[in-house]
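Below you'll find the structure, written out as structure tokens, and then a few comments.
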Amino acid sequence: MMRDQVLFVQHPYHTNPVSIQGSSALVPVDLNENHVDSHNDAQNGGYQQAESLFRRSQKLEADLHMLGMKIKQHEDNLNNLNAQKSKLDNSILHLQVTSGKSESSNTLTIDNGDSPLPISKEEVNKQILQHEKSAAGILCQIKTRFKAQASHLTPTKDVVGIVATLGQVEDDNLSRLFSEYLGLDTMLALVCRTIEGIKALEMHDKDGIVNKSSGLHGLGASIGRALDGRFLVICLESLRPYPGTYMADDAQRKLDILNPRLPNGSCPPGFIGFAVNMINIDSSNLFGVTPSGYGLRETLFYNLFSRTQVYKTRADMVQALPCISDGALSLDGGMIRSCGVFYMGNRVDIDVRFPRPEISMGIDNSLKLEMQLKDLKSQKENILEDLKREQTLLDVAKVNFQKKKNEYIRFLAESSANATTQVGRF
């Protein structure tokens, strides 16, 4: 006969023996084991949830990083395309000025009655001779009378020429504008190489009185032309030359001046070019005119015009005021002498102007420039299409980034709420 067996079931707070028939021994049972197993299951569930949240967080962060890199890539592409567009704009402007085919210079003239016909160098000399008692008029008469010997006369052998004869302008409208901008005294100014040439033109006694029998005054008296009043003389040796570089592969050695930029970075509408680069210079005066080896563009004409800008219309010129520092002209007669100094009223033609070049651009060369210009404009159109496409892609990337960012913010908020709830349970 089997003895009664007693099973001890341990309660968390007390233990009582429980009699179970058929048992052969007393076996102690711990009821707290179920509580421990439940606690472990809860912990394991918490760990799994935390790991799931961590993986989702990593995924969202990786997505945000990828979208951010796409935004940067599109922004870099836009910057590169804008740089290419700016370079093309500059090249197009340079070609337009070089070819003389700028739409502005071809279509606009100053509304001031009938425009005189383009003039030659001989006609310019006749204009100067009309000022017979001026230094320029006397110099022209001496050259006419003495011809080759004039270059050996002491008062005149250092003289390079007269401003009006040292440059040519392809477009007569521009010639008239430049003449008015410089003024008659400057157009008639004599240009010497050195300070010694300045001294040879005029001498004075011990009281500072001009010696009328020497220098240019003496030459004038010898041909029956007394020199009246003051006259302007420019010494190339004393001028500060242009400090920058020159346009590459340009036969006229035009100055490589940066085009003006509005505050938004774009080139002002209607900008044609710089006046100093619209003057044609004889090849003999492009190099070695000064003792230091400089030519007339970087010395004489740079000091006369500096960075004076040329625009299609007055409206274009006024719109570009924020980037005008050294004066500006417009093809319809607008004029700004310097920053904040405007010339108003009707214009008056100066009777001494720059002549046109004796040899104009050849037909073949002109067609070549036209083809180059057409090619550059085609490249610009392609760049504009690329810019439009990249801007669209950038906008889409920014929208997707914002959506993913909002999703990530919601995830962080939900994770924080869940964490607070789990802490409350334990």
Side-chain angles (χ1 to χ4, degrees), residues 56-107 245 247-250 254 256-274 277 309-313 315-324 366-412:
R56 188 181 175 195
S57 174
Q58 281 188 318
K59 176 66 168 56
L60 289 172
E61 289 174 359
D63 290 344
L64 280 172
H65 178 73
M66 180 189 68
L67 290 171
M69 292 300 294
K70 282 187 176 181
I71 289 174
K72 184 179 185 303
Q73 179 184 356
H74 293 311
E75 288 177 340
D76 290 343
N77 290 343
L78 282 173
N79 289 334
N80 290 333
L81 288 170
N82 278 317
Q84 293 178 43
K85 176 180 172 294
S86 178
K87 187 175 181 180
L88 283 172
D89 286 338
N90 291 340
S91 299
I92 289 171
L93 282 172
H94 290 161
L95 272 183
Q96 286 175 332
V97 173
T98 300
S99 65
K101 298 295 183 181
S102 167
E103 295 177 3
S104 303
S105 62
N106 280 339
T107 58
T245 58
M247 292 185 189
D249 302 323
D250 188 275
K254 292 176 183 174
D256 192 13
I257 304 173
L258 289 177
N259 287 331
R261 296 291 177 189
L262 293 170
N264 63 5
S266 64
C267 189
F271 173 73
I272 300 174
F274 293 95
N277 284 335
Q309 302 168 20
V310 181
Y311 288 88
K312 180 178 178 181
T313 66
D316 293 331
M317 185 175 68
V318 171
Q319 186 178 353
L321 281 176
C323 50
I324 294 175
S366 179
L367 290 174
K368 181 180 177 181
L369 290 174
E370 287 287 349
M371 292 297 293
Q372 291 177 353
L373 192 58
K374 184 177 180 180
D375 180 59
L376 289 176
K377 288 182 176 180
S378 176
Q379 292 181 43
K380 181 179 176 180
E381 289 177 2
N382 293 334
I383 292 290
L384 291 175
E385 288 296 323
D386 292 341
L387 279 169
K388 185 178 179 180
R389 183 177 61 255
E390 282 295 333
Q391 186 62 55
T392 300
L393 293 173
L394 176 60
D395 293 341
V396 170
K398 285 183 175 180
V399 169
N400 291 336
F401 181 86
Q402 189 60 45
K403 288 181 179 178
K404 188 62 66 174
K405 179 181 176 183
N406 293 339
E407 182 182 349
Y408 185 56
I409 291 172
R410 287 195 302 270
F411 163 76
L412 291 177

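Along the sequence shown, the residues carry numbers beginning at 1. This is a predicted model, so every value here is computed, not measured. Both backbone and side-chain heavy atoms feed into the values below; hydrogens, waters and symmetry mates do not.
- Screening Arg410, Glu407, Lys405 for a side chain to side chain contact (heavy atoms under 4.5 Å, CB included) involving Leu60 leaves a single residue, Glu407.
- Residues Phe271 and Cys267 share a closest heavy-atom pair of CD2-SG, 4.0 Å.
- With rounding to the nearest 0.5 angstrom, the CD1 atom of Ile92 is 13.0 Å from the NZ atom of Lys87.
- One distance of note links CD of Glu381 with CG of Leu88; it measures 11.0 Å at 0.5 Å rounding.
- A salt bridge links Asp386 to Arg389: one of the charged nitrogens lies within less than 4.0 Å of a carboxylate oxygen.
- The two residues Met247 and Asp256 have their closest heavy-atom pair at N-CB, 3.8 Å.
- Counting only N and O atoms by type, the side chains of Asp375 and Gln379 include a donor and acceptor under 3.5 Å apart.
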Mind running side chain to side chain contact (heavy atoms under 4.5 Å, CB included) on Val399 and Gln402 for me, showing each step along the way? CA-CA 5 Å; Val399 169; Gln402 189 60 45; 5.9 Å; no
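- You'll find the side chain of Tyr311 reaches within 4.5 Å of the side chain of Pro260, heavy atoms only.
- How far CD1 of Ile383 is from CG of Leu376: 11.5 Å, rounded to the nearest 0.5 Å.
- Closest heavy-atom contact between Lys404 and Leu67: CB-CD1, 3.8 Å.
- Considering only heavy atoms from C-beta on, Leu387 stays 4.5 Å or farther from Gln391 through its side chain.
- Summarising the geometry, atom OG1 belonging to Thr245 is positioned 9.5 Å from atom CD1 belonging to Ile257; distances are rounded to the nearest 0.5 Å.
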Test side chain to side chain contact (heavy atoms under 4.5 Å, CB included) applied to Arg261 and Ser266, step by step: CA-CA 5 Å; Arg261 296 291 177 189; Ser266 64; 5.5 Å; no
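- A donor-acceptor contact closer than 3.5 angstrom is absent between the side chains of Glu75 and Asn79.
- Annotation: the span from Asn259 atom CG to Asp89 atom CG amounts to 9.0 Å, rounded to 0.5 Å.
- Taking every heavy atom of both residues into account, Leu262 and Gln319 meet most closely at CD2-O, 3.9 Å.
- When all heavy atoms of Ile272 and Lys312 are compared, the closest pair comes out as CD1-N, 4.0 Å.
- The distance from the CG atom of Asp76 to the CD atom of Glu390 is 10.0 Å, given to the nearest 0.5 Å.
- Considering only heavy atoms from C-beta on, Leu64 stays 4.5 Å or farther from Glu61 through its side chain.
- The nearest pair of heavy atoms linking Asp316 to Pro269 is CB-O, 3.3 Å.
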